[in-house]
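Encoded as structure tokens, the structure appears first; notes follow it.
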Amino acid sequence: MRLIYIDIDALTPSHLSCYGYPRRTSPTIDQIAADGVRFENVYCSDAPCLPSRTAFYSGRYGIHTGVVGHGGSAAQPRVQGRLRGFRDDFDDFGLARQLQKLGHHTAMISPFGQRHAAHWFYAGFNEIHNTGKGGMESAEDVQPIVEDWLARHARSRKDWYLHINYWDAHTPYRAPLSYGNPFQNDPLPGWMNQELLDRHARRAGPHSPLDLGMYWGAADPKYPRVPDAITSLPALRQWIDGYDVGIRYVDDQVARVVATLQSAGIYDDVAIVISADHGENQGELGIYGEHATADAATCNIPLIVRWPGGAAGHVDRGLHYQLDLAPTLMELLGGERPAIWDGQSFARAVTRGEPSGARDALVISQCAHVCQRSVRMDHWLYIRTYHCGFHLFPEEMLFDLVADPHEQNDIASLNPEICRAAAGRLGDWHAAQMRRLADARAGGPVTDPLWTVIAEGGPFHALHDPARSPLPDYLKRLEATGRADAAARLRKKYPMQRSS
């Protein structure tokens with residue numbers, strides 16, 4: 001089998017037309033979805049970029065690999081210690097290595113391993129094409145390498161797997177101005193209005209409407225599609241258009257991949273998977289253009305699988321993790337699922353369009369910008385916050401994703417019984433994973449990496465250690481932009497005591 005995995009960084013399904021978005025952002029992806037299976041409720045187990053891709057290729061939760069953050073100890077895998085063999089777990093049991101064992105030539109076009117010093121990300125790959133800009137690539141950097149690789153391998157009789165990484169949907173929005181704006185006459189999403197913006201503008205936290213550059217404004221002449229702040233509907237339009245144009249720009253590259261395969265006469269014989277490392281908040285929780293929380297906007301990702309001879313036009317609504325894709329591919333290809341993996345296969349959904357491998361609930365985590373673990377069950381999203389990342393989130397939040405898909409109304413106080421049930425699920429999940437970790441460690445230290453993050457001064461993007469923290473300068477910015485009340489609350493919550 002020849003497989004292409006198209007990994008579009010920061011792509012949220014809620015902005016794809018095949019998922020119901022009113023703007024036509026993804027005509028090529030829509031057609032691939034119509035020819036295959038579209039999954040509506042797939043979540044990355046660990047967000048954002050580094051934890052998510054580590055979980056996907058290792059087949060394991062971050063609580064097991066140890067990789068849950070973007071810096072500090074929790075950005076590195078656990079040391080395997082005395083039981084490590086000639087190779088480590090990432091090579092022995094990672095998805096790419098399993099594909100190699102099945103006879104696939106594995107190739108990757110991505111700078112990601114270098115961007116995050118995640119050299120284990122490349123384990124099991126025969127070829128690595130680092131596009132060299134550390135995630136600041138645009139399609140002009142990526143597509144020539146993609147087309148050259150396909151020209152050399154499309155007609156090969158050897159089985160292969162190609163991972164293609166596109167970045168244009170990630171901030172800062174960088175599609176060239178010469179591309180234009182296909183959405184300039186389209187209305188904004190109906191749930192967005194000036195009243196919403198006014199409410200969000202009073203919020204504190206990175207990537208709030210006044211802080212689109214994380215802890216500052218976003219003005220940069222190199223990125224004219226990005227406004228400095230979002231305080232008006234024209235600025236909001238500029239921002240949303242920038243994101244949607246980035247998606248459409250990538251969709252054009254997917255069209256070129258399809259055309260190349262069709263020209264080679266092999267399109268019908270190639271499996272195509274389209275997904276993302278995480279989604280993107282575009283107003284959810286008052287956050288814009290960031291993937292900083294353990295919520296549906298950040299963790300719900302698109303997954304489209306077009307499998308030769310498989311189901312077509314099917315929509316699967318079951319709850320799945322993105323790391324469930326690894327055992328699914330193994331079952332589809334006739335391989336074995338390593339016992340170390342946490343995922344479970346949903347292969348029958350791909351081949352027959354049947355309900356397959358769905359879970360009763362998911363536990364999703366974020367420890368790079370905030371420290372949160374959340375439970376996604378039924379139509380509920382329960383969020384437990386351990387470090388608020390300077391957003392001043394309460395310890396518990398609850399959202400009804402049917403009535404409130406954009407997470408604007410926290411109803412935890414109105415539904416204590418739902419919160420208790422979700423907290424119980426979270427506790428049961430945590431106990432089960434820590435037991436499994438203890439068994440695997442065989443006498444080694446057993447620690448939850450979430451608490452390692454907090455002990456080391458907080459999540460990488462919201463450190464409160466005074467030697468490294470952005471908080472002192474951000475407090476001044478809050479006061480200068482009419483948010484002194486938020487500054488006072490943050491001073492009380494994070495008194496900036498130097499960690500030992």
Can I get a per-line list of side-chain donor-acceptor pairs under 3.5 Å for residues 423-432, giving both atom names and the distance, sequence neighbours left out?
| from | atom 1 | to | atom 2 | distance (Å) |
| --- | --- | --- | --- | --- |
| His430 | NE2 | Asp448 | OD2 | 2.8 |

Aromatic ring pairing Phe125/Tyr161, orientation class (parallel under 30°, perpendicular over 60°, tilted between): tilted

Non-hydrogen side-chain atoms of Met397 and Thr385 separated by less than 4.5 Å: yes

Chi angles and distances behind the side chain to side chain donor-acceptor pair (under 3.5 Å) call for Asp141, Ser138: CA-CA 6 Å; Asp141 303 301; Ser138 192; 5.7 Å; no

Check against side-chain contact (heavy atoms from CB on, under 4.5 Å), Ser208 and Tyr288: CA-CA 6 Å; Ser208 57; Tyr288 290 80; over 6 Å; no

Plane angle bin for His70 and His369 - parallel if under 30°, tilted between 30 and 60°, otherwise perpendicular: perpendicular

Qualifying residues under ring-ring contact (aromatic ring centres under 6.0 Å, His included), relative to Tyr243, sequence neighbours excluded: His15, Tyr173

Student check: side-chain heavy atoms of Ile247 and Asp168 closer than 4.5 Å: no

Close side-chain approach of Cys388 and Tyr494, heavy atoms under 4.5 Å: yes

Criterion side-chain hydrogen bond (donor to acceptor under 3.5 Å, both in side chains) against Asp89, the qualifying member of Arg84, Arg78, Gln80: Gln80

Donor-acceptor contact present, side-chain His278 to main-chain Cys299, <3.5 Å: no

Worked check of ring pair (Phe, Tyr, Trp, His ring centres under 6.0 Å) between Phe346 and Phe39: CA-CA 11 Å; Phe346 50 79; Phe39 293 84; 4.8 Å; yes

His391 and Phe393 aromatic ring geometry - parallel, tilted or perpendicular at 30°/60° bounds: parallel

Residues in side-chain contact (heavy atoms from CB on, under 4.5 Å) contact with Pro472, at least two apart in sequence or another chain: Ser469, Met496

Val363 and its side chain to side chain contact (heavy atoms under 4.5 Å, CB included) partner, picked from Tyr321, Tyr61, Tyr382: Tyr321

